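Predicted, not measured: the structure shown is a model, and the values here were computed from it. Naming convention: chains lettered A, B, ... in sequence-line order (proteins, then strands); numbering from 1 in each chain.
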Number of protein chains: 2
Amino acid sequence: MTEAEIPALADRPAVTVDVVLFSVRSSNLKVLLVCRSAAPFRGRWCLPGGFGRLSESLDDAARRRLQEETDVHDIYLEQLYTFGTPRRDPRGRVISVAYFALAADDVNAHANAEGVQVDWHPVPDLPELAFDHGEIVHYALQRLRYKLEYTSVGFELLPNEFTLTELQTAYETVLGENLDKRNFRRRILEAGILSETNRYRESEGQGRPARLYRYKKNAVSEVKARRLFP
Amino acid sequence: MTEAEIPALADRPAVTVDVVLFSVRSSNLKVLLVCRSAAPFRGRWCLPGGFGRLSESLDDAARRRLQEETDVHDIYLEQLYTFGTPRRDPRGRVISVAYFALAADDVNAHANAEGVQVDWHPVPDLPELAFDHGEIVHYALQRLRYKLEYTSVGFELLPNEFTLTELQTAYETVLGENLDKRNFRRRILEAGILSETNRYRESEGQGRPARLYRYKKNAVSEVKARRLFP
DNA sequence: ACAAAAGTGTTTACTATACACCCATGG
DNA sequence: CCATGGGTGTATAGTAAACACTTTTGT
């Protein structure tokens, strides 16, 4: 940062924000995509996002573009990675600050005013995406699986109140493996990050109703990783 | 990314890369800083870095600016985080893609042609930095401590050949705590990521000479974190 | 012979994993 | 009364942590 001058306008890249929003729906991990209505890649699916404004922070830009394009708001969002290889956008040099987001399955997305298509797509089976957005989703999925194992970010995939079975199912869906019911429940309850309610999920069909829990917001939620070297 | 058009030049932010380069020197964790020779913040220390070129990737820009300003090259480098709050640079909207880097203590930095000062500063005791660079260093330090515990990135703090005691000391310096010698050596040797040489460090002063080891480059180096929920 | 740093194993406590049955409700 | 999903405890294996002395070299 000691170079004499800020670069001339012509030497500046454009900067976008793009959001990878995951949600578990009908027992599948899905990602929210929009369909491009203009060149380049017209008709191809891509991540919601767009160019930021000079007056807003990157986080604000990500939230704003997500809401403008898909009507989704008030969800968990964190910065993922910045993608900036020179020819990733055919229009010129575009740097994309990618975000990673999670939503419960009661969060609904709607096409925006311009009538652009918006839909949830199952992650293991995505169409070819515009730009390098396929690569960005892949990177985000790694991050999701990773964080699920050592933080409590997984609660962001569930609505305010949920049953332990619902929580376990969300974990299993994302991780792609089955977990032991007793061990899962013991660990999560011992972690002290849930508070139980006195409400129960009325069973649809048969079966005993399940107790509903809530996530304690300001719970300490990070587990110390096992050290490589003690 | 469905907005109709790429923004006009006047609506584009400037994008810099800034590098937080850590090294353990004379038993202290240090970070490499340069002294600003121009306004704003003239005379204040800041991170090496600068504006990227349209034709180069962000990683390339970070490596190039680091070499141009400090003559440091061929070191470990990874992207850290992108800082983009609107008023972080008084010259206008500047987004900084920050990098995290590590070097052994045999890597030397030199002032560049323009004669800008370059120096290693002990991390626990930094001067007030230009821009939000203090915050960036703080964020990088968290990342360093974190990664040290569950990856083998710590080897990047050491030269090609090193003794186990030197390795342990580097870890202790960064983590700010003492480690058990026998446990440390057992774990690291069992991990199978070091190969022993037949050379020894001639002891300066008294004491038995210590065997030199090398880090096996393509060793699998990540340890599975302890799960929050099994 | 002594000072200084290198090198080496074992015991104990804790944490993870595997595993099977009873309970409450609706039809 | 039966089908469905909810809820619970224990025994075993594996990993982490604490801990002290012998070896090699230079002075």
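- Heavy-atom contacts from other residues, nucleotides or ligands closer than 6.0 Å to CD of Glu128(A) number 12 or fewer.
- Classification of the Phe155(B)-Tyr215(B) ring pair by plane angle, with boundaries at 30° and 60°, yields parallel.
- Between the P atom of dA18(C) and the CZ atom of Arg185(A) lies a distance of 18 Å, rounded to the nearest Å.
- One can place CG of Leu167(A) at 18 Å from P of dG5(D), the figure rounded to the nearest angstrom.
- With rounding to whole Å, Glu177(B) atom CD is found 10 Å from dA17(D) atom P.
- The phosphate of dA16(D) has OP1 or OP2 within less than 4.0 Å of a side-chain N or O from Arg187(B).
- Atom CD1 in Ile188(A) sits roughly 14 Å away from atom P in dA16(C) (whole-Å rounding).
- Identified under the salt bridge (charged side-chain N to carboxylate O under 4.0 Å, His left out) test for residues 131-142 of chain A, with sequence neighbours left out: Arg88(A)-Asp132(A).
- Here the P atom of nucleotide dG6(D) and the CD atom of Gln168(A) are 10 Å apart, to the nearest Å.
- Between Phe131(B) and His133(B), the ring-plane angle classifies as tilted under the 30° and 60° cut-offs.
- Backbone-only contact: Thr165(A) has heavy atoms under 4.0 Å from sugar-phosphate atoms and none from a base.
- Taking the side chain of Arg186(A) as heavy atoms from C-beta on, and the options dT8(D), dT10(C), dA18(C), the nearest nucleotide is dA18(C).
- Side-chain contact between Leu141(A) and Phe22(A): present, with at least one pair of heavy atoms (C-beta onward) separated by less than 4.5 Å.
- Aromatic ring pairs are classed by plane angle as parallel below 30°, tilted from 30° to 60° and perpendicular above 60°; the pair Tyr76(B) and Phe100(B) is perpendicular.
- If you take CZ of Phe184(B) and P of dA6(C), they are 13 Å apart, rounded to a whole angstrom.
- Atom OH of Tyr200(A) is separated from atom P of dG5(D) by 19 Å (rounded to the nearest Å).
- Note: CG (Leu164(A)) to P (dC23(C)) measures 20 Å, nearest angstrom.
- Contact of Asn183(B) with dA18(D) (side chain to base): a donor-acceptor pair of N or O atoms is detected under 3.5 Å.
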When you check every protein heavy atom under 4.0 Å of nucleotides 20-27 of chain D, what one-letter string (B, S, -) results, 5' to 3'?
B--BBBBS

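- Side-chain atoms of Tyr200(A) and Leu212(A), non-hydrogen and from C-beta on, never get closer than 4.5 Å to each other.
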